[in-house]
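The structure under discussion appears below in the form of structure tokens.
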Amino acid sequence: MNKREILSQYFTGCNGWTLENIEQLKRAGFNNRFAEENCNLWEEIHRTLDPYVATLPPEIVQMQHDHYKHRKPFGEYYNIVAPTAVIQEVNNELNRLAKSIKLSERAKGGKLIMMKQY
């Protein structure tokens with residue numbers, strides 16, 4: 001799982017992991033260590049990205065969603081949603097935050113960690 005996959009799953013909501021779901025799973029207990037790894041990973045992702053994304057205007061969040069879900073290039077949004085420099089700054093910060101997330105060895109190896117809730 002690389003930073004692009006993290007951002008893609010985060011902005012498209014494909015992962016299904018929300019902080020509420022994670023708290024429920026923690027209270028219920030885990031049936032295996034992989035479920036706990038998934039839970040910890042998505043908790044870390046949300047705790048890292050949510051505070052920054054909450055500061056962004058809705059148009060920029062929608063732009064990120066469109067980019068990752070519908071593969072719309074950021075260039076279509078330059079100087080329409082925000083100045084080019086602002087969009088590039090947001091992308092750089094999101095990439096920096098995604099890169100800062102510590103991944104387990106299992107998460108580094110593939111996509112299966114983001115596909116299923118336990």
Side-chain angles (χ1 to χ4, degrees):
M1 180 181 256
N2 59 35
K3 66 183 178 188
R4 178 166 173 75
E5 290 170 330
I6 290 171
L7 291 173
S8 176
Q9 293 293 310
Y10 179 82
F11 281 107
T12 60
C14 292
N15 61 62
W17 292 90
T18 64
L19 288 177
E20 290 176 13
N21 291 349
I22 291 168
E23 291 303 319
Q24 290 174 356
L25 285 170
K26 282 186 169 186
R27 283 193 298 273
F30 301 104
N31 56 358
N32 62 49
R33 69 184 172 104
F34 301 121
E36 187 172 5
E37 276 185 33
N38 278 352
C39 199
N40 292 337
L41 172 63
W42 284 106
E43 185 174 44
E44 177 68 19
I45 289 170
H46 281 285
R47 293 205 193 288
T48 302
L49 295 176
D50 283 355
Y52 179 69
V53 172
T55 66
L56 298 175
E59 298 83 18
I60 291 185
V61 174
Q62 183 61 46
M63 174 192 69
Q64 294 290 336
H65 172 78
D66 291 344
H67 174 74
Y68 288 108
K69 185 157 189 159
H70 305 294
R71 297 181 182 244
K72 290 182 83 173
F74 288 121
E76 290 185 20
Y77 297 96
Y78 289 164
N79 298 321
I80 296 170
V81 170
T84 301
V86 171
I87 292 173
Q88 289 174 340
E89 183 180 320
V90 167
N91 290 336
N92 289 341
E93 183 63 13
L94 287 169
N95 285 323
R96 186 191 67 74
L97 290 170
K99 191 175 181 179
S100 74
I101 295 169
K102 303 275 190 248
L103 299 175
S104 67
E105 288 302 315
R106 183 170 182 261
K108 288 178 187 176
K111 296 181 181 180
L112 63 130
I113 220 138
M114 61 187 154
M115 297 299 183
K116 183 178 177 186
Q117 288 187 32
Y118 294 90

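Note that these values count all heavy atoms, side chains included, but never hydrogens, waters or copies made by symmetry.
- Glu93 pairs with exactly one of Val90, Leu97, Asn95 by the side chain to side chain contact (heavy atoms under 4.5 Å, CB included) rule, that one being Leu97.
- Taking the side chain as every heavy atom from C-beta outward, Tyr10 and Val53 approach each other to under 4.5 Å.
- In this structure the side chain of Asn79 reaches within 4.5 angstrom of the side chain of Pro83, judged on heavy atoms.
- The ring pair (Phe, Tyr, Trp, His ring centres under 6.0 Å) search around Tyr78 returns none, not counting sequence neighbours.
- Put simply, the side chain of Gln64 does not reach to within 4.5 Å of the side chain of Leu7, judged on heavy atoms.
- The heavy-atom pair separating Ile60 from Ala82 by the smallest distance is CD1-CB, 4.1 Å.
- With ring centers used as reference points, Phe11 lies 6.0 Å or more from His67.
- Taking CD of Glu43 as the reference point, atom CG of Asn38 lies at 12.5 Å (rounded to 0.5 Å).
- Between Lys26 and Glu36 there is no salt bridge, since no side-chain nitrogen of the basic residue lies less than 4.0 Å from a carboxylate oxygen of the acidic one.
- In this structure, Val86 is not a member of the same hydrophobic cluster as Ile80, with clusters built from ILVMFWY side-chain heavy atoms closer than 4.5 Å.
- A side-chain donor from one of Glu44 and Thr48 sits under 3.5 Å from a side-chain acceptor of the other.
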Practice problem: Would you check, one step at a time, whether the test side chain to side chain contact (heavy atoms under 4.5 Å, CB included) holds for Trp42 with Gln9? | Solution: CA-CA 10 Å; Trp42 284 106; Gln9 293 293 310; 3.5 Å; yes

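- Distance check, rounded to the nearest 0.5 Å: CD of Glu37 to CG of Asn32 gives 9.0 Å.
- With rounding to the nearest 0.5 Å, the separation of CD1 in Ile87 from CZ in Phe74 is 8.0 Å.
- Using modelled atom types, one side-chain atom of Glu5 and one backbone atom of Asn2 make a donor-acceptor pair closer than 3.5 Å.
- What you find for Val81 and Glu59 is that their closest heavy atoms are CG1-CB, 3.6 Å.
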